[in-house]
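Shown next, in structure tokens, is the structure this report addresses.
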Amino acid sequence: DVKVTQSSRYLVKRTGEKVFLECVQDMDHENMFWYRQDPGLGLRLIYFSYDVKMKEKGDIPEGYSVSREKKERFSLILESASTNQTSMYLCASRSGGAGFADTQYFGPGTRLTVL
Amino acid sequence: DAKTTQPNSMESNEEEPVHLPCNHSTISGTDYIHWYRQLPSQGPEYVIHGLTSNVNNRMASLAIAEDRKSSTLILHRATLRDAAVYYCILDAYSGAGSYQLTFGKGTKLSVIP
């Protein structure tokens, strides 16, 4: 079974702190994604990566950055956390490339609270 | 912007079939139709996907209209474990070497014992 794991299920941080959310997948997938999920807004794509050291902005990249130094690991970074970044963060991965659509696998999510 | 339209919520009786509709009138020829569901306190999980033909798997069936502007997810016998938010998604090529899912708000399915 594909596994996508996230470093924490729950996280509480203070405004202004630098926050790292880690995601690891064990299926050698090329593509990895970070979403946030808020009530009434659904899942929104923050960033994605289709290869090591490659990244693309999603729909709401402001206030976030990402890092992908190894194929299996995709990190989301909040440089200076703010209260409006309190949310559920979901990581996902999938294989495939141009012309091939495959299943996307999600991690369990990290519920981040910024005080 | 989400490219699909789904009812906000639906109810079903346990052990009865459920038909979850989805409209995607702006679908392009290369977009796949995906369905995912999200159980409470979990990440979304894949249910089924298709391009033009109807699809069946152990979880569900997907019926795709001939013009591809709508589709229906069919759960043949709803169980209490099927209570979840169901997302109909167009899987579009992002132009950056990857297909990309854009989630809408989904349909919250309640299953009545």
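Every value quoted in this text rests on a predicted model; they were computed, and no experiment measured them. Reminder, nothing fancy here: chain letters follow the sequence lines and each chain counts from 1.
Atom CD of B:Q38 sits about 8.0 Å away from atom CZ of A:F106, to the nearest 0.5 Å. To the nearest 0.5 Å, atoms CZ (A:R94) and CG (B:D91) are separated by 4.0 Å.
Around CZ of A:R9, the count of heavy atoms belonging to other residues, nucleotides or ligands within 6.0 Å exceeds 12. Summarising the local packing, NZ of A:K71 is surrounded by more than 12 heavy atoms from other residues, nucleotides or ligands at distances under 6.0 Å. Crowding of A:N84 atom CG: a count of heavy atoms from other residues, nucleotides or ligands under 6.0 Å exceeding 12.
At a 4.5 Å heavy-atom cutoff, A:R111 makes no contact with chain B through either its backbone or its side chain. In this structure, chain B has a heavy atom under 4.5 Å from the side chain of A:L45, while its backbone stays farther away. Proximity to chain B (any heavy atom under 4.5 Å) is restricted, for A:Q37, to the side chain, taken from C-beta onward.
Chosen from A:L43, A:D51, A:L90, the residue pairing most often with chain B at heavy-atom distances under 4.5 Å is A:L43. For the options B:S41, B:G43, B:G106, B:P44, heavy-atom pairs under 4.5 Å to chain A are most numerous at B:P44.
When atom types are taken as modelled, the side chain of B:Y36 and the backbone of A:Q104 share a donor-acceptor pair closer than 3.5 angstrom. At distances below 3.5 Å, at least one donor-acceptor pair connects side-chain atoms of B:K105 with backbone N or O atoms of A:G40.
Two different hydrophobic clusters hold A:Y89 and B:V85 under the rule that ILVMFWY side chains link at heavy-atom gaps under 4.5 Å. The cluster map of Ile, Leu, Val, Met, Phe, Trp and Tyr, joined by side-chain heavy atoms under 4.5 Å apart, puts B:L39 and B:L20 in different clusters.
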